[in-house]
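Report on the structure given below.
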Amino acid sequence: MSVITLGVVGLAASRAFYDRLGWRAANAGTDEVDSIVAYDLNGFSLALYPLDHLTQDATVPLTKGAHPSVTLAYVVSSPDQVDQMLTRAERAGGALVKPAQKVSWGGYSGYFADPDGYLWEVAHNPFATLGADGSFKW
């Protein structure tokens with residue numbers, strides 16, 4: 001996978017949310033940032049693209065639902081970092097969906113929703129080691 005593209009209702013509002021998480025747009029300062037915003041993450045990019053444009057590009061109807069049937073995960077190095085990221089997401093304007101807690105598979109995680117309802121799991125997996133760049137491998 002190279003890029004995950006999220007169809008968003010308000011590009012400026014979505015960009016502001018992800019910026020408040022502490023992420024910085026890779027294409028900041030370019031003309032294209034008014035039509036698509038891209039964040040370079042651990043081994044892939046996350047793109048924010050207006051939902052109506054994504055619908056036109058894909059040539060299928062796409063609509064904003066309560067929560068799309070996909071989750072995205074952000075894996076961190078410790079349970080404390082899970083709590084910190086969930087707090088940061090709430091302060092940035094996200095909605096806490098599931099408070100952080102120990103989970104059945106042995107880790108610690110919680111969920112937040114971004115302004116378009118995309119669900120993000122923030123997790124600590126004690127059975128995995130993150131790379132120096134934060135990359136996750138099974």
Side-chain angles (χ1 to χ4, degrees):
M1 178 179 326
S2 302
V3 179
I4 295 172
T5 302
L6 303 180
V8 299
V9 174
L11 185 61
S14 290
R15 178 183 180 181
F17 172 78
Y18 285 99
D19 286 352
R20 285 190 300 268
L21 289 183
W23 300 355
R24 294 294 165 244
N27 61 335
T30 68
D31 290 339
E32 70 179 0
V33 80
D34 292 331
S35 59
I36 189 168
V37 177
Y39 298 91
D40 289 336
L41 301 175
N42 300 323
F44 72 97
S45 293
L46 176 71
L48 308 175
Y49 194 51
L51 184 58
D52 57 340
H53 290 101
L54 186 57
T55 298
Q56 288 176 332
D57 188 52
T59 68
V60 296
L62 302 170
T63 59
K64 179 184 177 203
H67 297 293
S69 59
V70 63
T71 63
L72 306 165
Y74 186 75
V75 181
V76 294
S77 299
S78 71
D80 286 341
Q81 287 180 335
V82 172
D83 294 331
Q84 292 167 9
M85 187 59 167
L86 289 173
T87 298
R88 183 183 293 166
E90 277 191 288
R91 288 182 181 154
L96 183 64
V97 173
K98 177 185 170 189
Q101 57 192 259
K102 290 183 179 181
V103 289
S104 62
W105 50 267
Y108 183 78
S109 74
Y111 283 83
F112 70 86
D114 79 356
D116 285 276
Y118 289 104
L119 292 176
W120 283 85
E121 177 187 25
V122 182
H124 170 250
N125 183 336
F127 310 108
T129 303
L130 299 181
D133 64 353
S135 60
F136 176 85
K137 302 286 184 203
W138 285 102

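Heads up: numbering here begins at 1 and tracks the sequence.
- When all heavy atoms of Thr5 and Val3 are compared, the pair lying nearest together is OG1-CG1, 3.6 Å.
- Only one option out of Leu54, Thr30, Asn27 pairs with Ile36 in a side chain to side chain contact (heavy atoms under 4.5 Å, CB included); it is Asn27.
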* Show the numbers, then the answer: is there a side chain to side chain contact (heavy atoms under 4.5 Å, CB included) between Tyr39 and Arg15? => CA-CA 10 Å; Tyr39 298 91; Arg15 178 183 180 181; 3.4 Å; yes

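- Within the 4.5 Å cutoff, no side-chain heavy atoms of Phe136 are placed close to those of Asn42.
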* To do: For Leu51 and Asp116, run side chain to side chain contact (heavy atoms under 4.5 Å, CB included): C-alpha distance rounded to whole Å, both residues' side-chain angles, the deciding distance at 0.1 Å, then the answer.
  => CA-CA 10 Å; Leu51 184 58; Asp116 285 276; over 6 Å; no

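- Between the side chains of Asp114 and Ser14, no donor-acceptor pair of N or O atoms lies under 3.5 Å.
- Distance CG/Asp40 to CG/Leu46: 10.0 Å, rounded to 0.5 Å.
- In this structure, a donor-acceptor pair under 3.5 Å is absent between the side chains of Asp80 and Ser78.
- Across Val82 and Gly110, no two heavy atoms sit closer than the pair CG1-N, 4.2 Å.
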For residues 119-127, run the donor-acceptor check on the side chains, cut-off 3.5 Å, and write out each pair with its distance to 0.1 Å, sequence neighbours left out.
unit_1, atom_1, unit_2, atom_2, d
Trp120, NE1, Tyr18, OH, 2.9
Glu121, OE2, Ser109, OG, 3.1
His124, NE2, Ser77, O, 3.3
Asn125, OD1, Phe127, N, 2.8

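- Across all their heavy atoms, Phe44 and Ile4 have their closest contact at CE1-CD1, 3.9 Å.
- Expressed to the nearest 0.5 Å, how far OH of Tyr118 lies from CG of Leu6 amounts to 5.0 Å.
- Of all non-hydrogen atoms in Leu130 and Val76, the two that sit nearest each other are CD1-C, 3.6 Å.
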Quiz: residues 86-105 side-chain donor-acceptor pairs under 3.5 angstrom, not counting sequence neighbours:
unit_1, atom_1, unit_2, atom_2, d
Thr87, OG1, Asp83, O, 3.0
Arg88, NH1, Leu21, O, 2.9
Gln101, NE2, Pro99, O, 3.2

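- The stretch residues 71-100 participates, sequence neighbours left out, in these ring-ring contact (aromatic ring centres under 6.0 Å, His included) pairs: Trp23-Tyr74.
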